[in-house]
Visitor: 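Structure provided below as structure tokens; questions to follow.
Here is the naming used below: chain letters follow the sequence lines, and residue numbers restart at 1 for every chain. For clarity, every value in this text was computed on a predicted model and none was experimentally measured.
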2 protein chains.
Amino acid sequence: MTLSDIHIDFRSDTAITAQIVEQVKGRVLSGQLKPGNQLPTVRQLAAELRVNFNTVARAYRILDELGLISTQQGRGTYIWEPPEPGNAAERRLHALTQITQHFLNDAALMGFTVDEIHAEIERELARRLIEQPAEKGIKDKE
Amino acid sequence: MTLSDIHIDFRSDTAITAQIVEQVKGRVLSGQLKPGNQLPTVRQLAAELRVNFNTVARAYRILDELGLISTQQGRGTYIWEPPEPGNAAERRLHALTQITQHFLNDAALMGFTVDEIHAEIERELARRLIEQPAEKGIKDKE
DNA sequence: CTCGTAATTGTATCTTTGTAAAATTGTATT
DNA sequence: AATACAATTTTACAAAGATACAATTACGAG
């Protein structure tokens with residue numbers, strides 16, 4: 001896991017976390033680390049740098065929020081792969097259109113009328129609005 | 001073993017296991033998977049999804065406990081027989097409810113808000129009303 | 001047909017990996 | 001010196017993977 005050339009200056013007045021963030025960021029932006037590449041685990045890198053693994057974890061988290069890497073519990077952390085060329089928001093809505101059309105096709109095939117489908121959707125959406133009042137990052141569980 | 005349209009987002013903050021559970025659940029409830037049908041083996045599905053087979057096994061176990069499927073060591077996993085409810089009209093509407101919930105679940109997993117989903121549905125339904133004014137039993141195809 | 005062995009399928013358990021929160025350390029500031 | 005605050009470490013935990021195992025089936029030798 002080629003990240004061995006990272007160096008921490010313990011005497012520096014910039015925090016260790018910040019140092020890790022900056023150096024990893026540099027290697028990602030300069031292309032030394034390519035999309036999909038796996039980074040060392042928090043514990044591996046921590047051992048190399050003689051630092052606590054949670055400090056590395058915090059740095060990874062920041063990089064994650066910056067959109068540079070993707071951390072996945074139980075799997076590891078990877079350089080972010082840009083989903084594809086093109087507008088992200090556009091693709092997102094396109095995906096919604098796809099599954100919506102698929103759903104409507106199924107319903108039509110099953111012989112339901114537009115009115116029936118419309119009524120059912122309104123009913124279910126209303127139910128969800130009650131149960132999940134305008135939240136984001138829903139941790140579903142039942 | 002038609003379960004190839006399942007998709008895992010490793011960057012999502014919902015666990016892989018939960019993603020599998022939700023999507024299989026949707027396909028069972030919507031009738032895309034019928035009682036008695038065999039699901040892919042844990043290893044097959046795991047290979048497709050690029051995931052550890054034990055993660056799939058955990059998802060299957062949860063679905064088993066939910067009463068949706070039946071996992072049998074050495075044999076495989078099968079869709080469970082659902083109790084037949086009420087009369088024909090009731091069952092028909094029930095089916096619509098199922099596929100609607102399935103659709104909304106998928107959309108929610110993909111991070112769409114209720115408002116977005118609602119807008120998209122209205123748009124697509126309007127389009128269909130124009131193309132197929134007040135028809136029943138539309139034999140659409142994608 | 002019967003038996004035994006190999007292959008297939010789900011299960012159990014432990015390890016690895018990242019996450020979260022409390023406890024500690026260090027450093028200013030008063 | 002006492003206090004407060006930020007950074008780090010400690011500790012416990014949750015999700016996913018690795019490995020070994022048990023139940024069932026498939027299949028060939030006899």
Side-chain angles (χ1 to χ4, degrees), chain A residues 1 3 6-24 36-80 137-141, chain B residues 1 3 6-24 28 33 36-80 109:
Chain A
M1 218 61 48
L3 209 47
I6 272 196
H7 184 258
I8 297 300
D9 178 6
F10 291 99
R11 281 177 298 285
S12 168
D13 50 357
T14 52
I16 300 176
T17 306
Q19 292 186 49
I20 299 176
V21 168
E22 285 311 315
Q23 297 194 42
V24 172
N37 281 173
Q38 181 171 15
L39 294 158
T41 71
V42 291
R43 287 170 176 80
Q44 278 176 351
L45 184 54
E48 265 184 33
L49 304 181
R50 317 270 180 148
V51 153
N52 189 274
F53 70 85
N54 233 317
T55 302
V56 176
R58 196 159 295 118
Y60 277 6
R61 181 122 49 86
I62 292 173
L63 288 161
D64 189 327
E65 286 163 3
L66 288 177
L68 289 176
I69 68 178
S70 160
T71 65
Q72 299 161 27
Q73 184 170 347
R75 287 177 55 85
T77 79
Y78 301 82
I79 304 294
W80 183 269
I138 302 159
K139 296 297 182 192
D140 215 1
K141 181 130 279 177
Chain B
M1 215 62 49
L3 210 45
I6 274 196
H7 184 259
I8 298 300
D9 178 7
F10 291 103
R11 298 172 186 72
S12 168
D13 50 357
T14 51
I16 298 176
T17 305
Q19 293 186 49
I20 299 175
V21 168
E22 285 309 313
Q23 298 192 43
V24 173
V28 173
L33 294 173
N37 280 173
Q38 181 172 16
L39 294 158
T41 71
V42 291
R43 286 169 179 81
Q44 279 176 350
L45 185 53
E48 264 183 36
L49 304 181
R50 316 269 181 147
V51 153
N52 190 277
F53 71 83
N54 236 314
T55 302
V56 176
R58 286 188 189 101
Y60 277 6
R61 180 118 52 92
I62 292 174
L63 288 162
D64 189 326
E65 286 162 2
L66 288 177
L68 289 176
I69 67 179
S70 160
T71 64
Q72 298 162 28
Q73 183 170 345
R75 288 181 41 78
T77 78
Y78 300 82
I79 306 295
W80 195 251
L109 270 178

Visitor: Between B:Q73 and A:R75, which residue's closest nucleotide on DNA chain D lies nearer the 5′ terminus?
Guide: A:R75
Visitor: Tell me: CD of A:E65 to P of C:dG18, nearest whole Å?
Guide: 16 Å
Visitor: Given atom CD1 of A:I62 and atom C1' of C:dA20, what is their separation to the nearest angstrom?
Guide: 15 Å
Visitor: Nearest to the B:F53 side chain among C:dG18, C:dT11, D:dA15, which nucleotide is it?
Guide: C:dT11
Visitor: Test for a donor-acceptor pair under 3.5 Å between the base of C:dG18 and the side chain of A:R61, counting only N and O atoms.
Guide: no
Visitor: Considering only side-chain heavy atoms of A:A15, which listed nucleotide, D:dA7, D:dA20, D:dG17, is closest?
Guide: D:dA7
Visitor: I need the minimum non-hydrogen distance between B:Q19 and B:H7, along with the two atoms involved.
Guide: OE1-O, 4.1 Å
Visitor: So how far is it from A:I79 CD1 to A:L63 CG, rounded to the nearest 0.5 Å?
Guide: 8.5 Å
Visitor: Report yes if at least one side-chain N or O of A:T55 is closer than 4.0 Å to OP1 or OP2 of D:dT9; otherwise report no.
Guide: yes
Visitor: In whole angstroms, how far is the P atom of C:dT8 from the OH atom of B:Y78?
Guide: 15 Å
Visitor: Nearest whole Å is fine: how far is D:dA16 C1' from A:Q38 CD?
Guide: 13 Å
Visitor: Has the side chain of B:R58 got a donor or acceptor atom sitting under 3.5 Å from an opposite partner on the base of C:dG10?
Guide: no
Visitor: Identify the heavy atoms of B:I16 and A:R75 that sit nearest to each other, and give their distance.
Guide: CD1-CD, 3.7 Å
Visitor: Rounding to a whole Å, what distance do you find between B:Q44:CD and C:dT8:C1'?
Guide: 10 Å
Visitor: If you check the B:V42 side chain, which of D:dA16, C:dG10, D:dT10 turns out closest?
Guide: C:dG10
Visitor: Counting only side-chain N and O atoms of A:T71, is one of them less than 4.0 Å from OP1 or OP2 of C:dT19?
Guide: yes
Visitor: How close or far is atom P of C:dT8 from atom CG of B:L39, stated in whole angstroms?
Guide: 19 Å
Visitor: Is any side-chain N or O of A:T77 closer than 4.0 Å to OP1 or OP2 of C:dT17?
Guide: no
Visitor: When the distance from CG of A:L63 to P of C:dT19 is rounded to whole Å, what number comes out?
Guide: 12 Å
Visitor: Working to the nearest 0.5 Å, report the span between CG of A:L39 and CG of A:L45.
Guide: 8.5 Å
Visitor: Could you tell me the separation between the CZ atom of B:R11 and the C1' atom of D:dA16, rounded to a whole number of Å?
Guide: 17 Å
Visitor: Per the atom types in the model, does the base of D:dT10 pair as donor or acceptor with the side chain of A:N54 at under 3.5 Å?
Guide: yes
Visitor: Atom OH of A:Y60 and atom OG1 of A:T71: how far apart are they, to the nearest 0.5 Å?
Guide: 10.0 Å
